[in-house]
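What follows is a single structure, written as structure tokens, with notes after it.
Numbered from 1 within each chain, the chains take letters A, B, ... in sequence-line order.
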Amino acid sequence: MIRVALVGQPNCGKSALFNSVAGYKAMVSNFPGTTIEYLSSHVLLNGDRFDLIDLPGIYSLSSPESEELVSRDYLLRKRPDVIINIMDASVLSRSLELTLELLDLQIPMVVCLNMMDEAQKKGIQIDVEHLSQDLGVPVIPTIAIRGAGVTELFKTTLDTARSKSHGKILNFSKDVEEVISGIGSLIHDAFVKNTGSSRRFISLKFLEQDKEFEDQIFKSVPALMPSLDKLRQEISDCRGKPADIAILSERHALAMNLFEHVAKVRQRKKVSVRMQVDKYIMHPVLGYVLLVGILFGLFTLVFGFGKELETPLLAQFEKWALYLNQHVEKGSLFSFIMNGLIQGFTGGIGIVLPYLIPFLIGLSLLEDIGYLPRAAFLMDAIMHRIGLHGKSIIPFVLSYGCNVPAIMAIRILEKPRDRYITAILATMIPCAARTTIIFALIGFYLGPVYALSLYLLNIIVIAAAGKVLSLLMPEPSPGLVLEIPSYRLPTLSALCKKTWFRLREFIVIAWPLLIVGSLILSLLEYFKLSGIINGLLSPLVSSVLGLPEAVGITLIFGILRKELTLIMLVQALGTSDFSVVMTNAQMLIFTVFTLFYVPCLATLGMLRSVIGTRGMLFALIFTTGLAVLIALFFRLVPAIF
Amino acid sequence: MITTLDHLKDGDIATIHDILGGHGIRHRLNHLGIHPRDQVEVIRSGYLGGPMLIKVHDIQVGIGQGMAKKIEVEVVP
């Protein structure tokens, strides 16, 4: 089957194009060995079948940041049958620089000139015919978000894949070209074949001081290095700047020439509305007021709506459980199994319907409109203090409701490092379930001031943990450079598809975990194994934390779902008046421990999917270690005084 | 007069004179279409160490103070 890869710069409308033709079965896949994901889908369009792969947006095929190179790796290693290079027509000259690099790969290609309406609004008129001639590839104008031109685009794409025709190679200045072919002639055929690229592409990447290619050349043909270095030096000598900068300038100049050849820019009369709006949205005072308003709005919308829906849902589930208990012999193994299955199943519904769906719609909306980069811009200075990106604020805020959607929201961060740290920190934020524990134990028995102090402590610990984690994983880049794209009108179909892709992930990954976990706990109860578990946990629970041994089992239930901790505590201690069996200090220690230790199962499932198994295990160990330390601190400090 | 980008105020228009700093910063700025000799307009300067908002070739870019310090500009009167 023909494989079609979508390649384009960020915000070029790539996802809109993908969503307009991808089936509901589109898959989120990870690049091997990374947590960077791409979407792929089998597509049936006008009788033609093909595979469509949506690669992460890239500005260029060379980047100082390795995670931006995964799209390049895909193109080189997997060699798709045809590339659709999507360009934002409204920033044509910049987009052309990526196109020039793609042409060097000598993979059949079609240019999709997207957002023609935006370009027209900006007064840019593009001669499509001329551009196609200059590049030697078909150029199809589209407005992907409205589906305009999409059918023709894919028809042309499949024709191009079948004819296997390559585009033109556009030449740089003569002296640079001489060095490029000089380097090319030194490289062996086997090496070219091995990298999956072309001679010219390798030469250029070597000149651009691309680390990966330099290393590969050094490893396979070290004897060549001196003569290659000499050729590279030639360019910097005659240009008076490093070779990589010289190549960047050459490519920029070539793109500008092309642009001037195919496009005319009429001067616009009016000031763009967007710039006016952005003055308020990113205003140093008003911007923050709006940000708080929007985040608070999203939060209340999701959790207000969720609460409304959850109550009747839970009542319905109660009925099922009651019905079951009436018709199945009480205390039998079967009834325990059924109860476990029902609890896991309904627990999933209890998260999905009320909370995930409204949240995912809200997030997709903010994302599609283009608010997220603006929020990131506003929060950047503050989040930088703990070594993070401004966008991390979104998962943090959501975490106060439920960690699961928060972990899903981590996908809006591009860098694996930022995702990693944000994910681990987000799991330590008290979700609604942990909030009930804080209030029921601390707020009720010790008073609201203690409860609020716990929240403050939580924020301090998270900030400190963020600082530590970002020291362990230092960021190589010197700071923020972030494109703030134009606002876009979201479309309903794109919104629905995006929500569905994300929702399905929860259904496939986290839900089965919940069901299996709750089944296991049911069996533990049936076989009366709680005593054994309490015994196993006793060194931690009694010796280290100084808590009654019986609370051990509640911590295990808390991993399944945090709100179970409190319910099980009643059962384990045999009373709902905790002050009889626990001192205030013990309650504080217990709550602090539950606040930080192991995230719940559904969260762990999402963690594994977003930051990988190793990341999940690290989060598990890190949060539990931290929980023990802080709980221990609370145990020992009062003892000193 | 040549200064660095972080010294500009709201509404200032300047021409990029040079980009100081190495491989990484040049590549990152180049990716967003920012090159020497391009014209930049400051839409909103940075407050309290936060990033500033600039416009180059009709593209808005948020840029941190650290980066802005490395961009030499000449103010267009």
Compare all side-chain heavy atoms of [X] with those of [Y] and state whether any distance is below 4.5 angstrom.
| X | Y | value |
| --- | --- | --- |
| B/H27 | A/D244 | yes |
| A/V481 | B/H31 | no |
| B/Q60 | A/R374 | yes |

Checklist line | Minimal non-hydrogen separation, B/I43 against A/K279, with atom names | finding: O-CE, 4.4 Å
Checklist line | Where B/P51 and A/A381 come nearest, the two heavy atoms and their spacing | finding: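 Taking every non-hydrogen atom into account, CD-N, 4.3 Å.
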Notebook entry, point to check: Measuring heavy-atom distances to chain A, does B/L29 have an atom under 4.5 Å in its side chain, in its backbone, in both, or in neither?
Noted result: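 Only the side chain of B/L29 comes within 4.5 Å of chain A.
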Note to self: Within this structure, what is the CD1-OG distance for the pair B/I59 and A/S90, rounded to the nearest 0.5 Å?
What the structure shows: 7.5 Å
Check: Atom CD in A/E97, atom NE2 in B/H35: separation rounded to 0.5 Å?
Finding: 4.5 Å
Check: Hey, does the side chain of B/R44 reach the backbone of A/M282 with a donor-acceptor pair shorter than 3.5 angstrom?
Finding: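 Yes, because the side chain of B/R44 sits within donor-acceptor range (under 3.5 Å) of the backbone of A/M282.
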Notebook entry, point to check: Among B/I63, B/I34, B/N30, who wins on heavy-atom pairs under 4.5 Å with chain A?
Noted result: B/N30
What part of [X] gets within 4.5 angstrom of chain B, counting heavy atoms only: side chain, backbone, both, or neither?
| X | answer |
| --- | --- |
| A/L98 | neither |
| A/V91 | side chain |
| A/E483 | both |

Checklist line | NE2/A/H283: more than 12 non-hydrogen atoms of other groups inside 6.0 Å | finding: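 Enclosed.
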Next item on the list: Return yes when atom CZ of A/F218 has more than 12 non-hydrogen atoms of other residues, nucleotides or ligands closer than 6.0 Å, and no otherwise.
Entry: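 No, because the 6.0 Å sphere around CZ of A/F218 holds 12 heavy atoms or fewer from other groups.
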Check: Based on non-hydrogen pairs under 4.5 Å, which of A/E208, A/M379, A/R251 is most in contact with chain B?
Finding: A/E208
Notebook entry, point to check: Out of A/I382, A/I245, A/L248, which one racks up the most heavy-atom pairs below 4.5 Å with chain B?
Noted result: A/L248
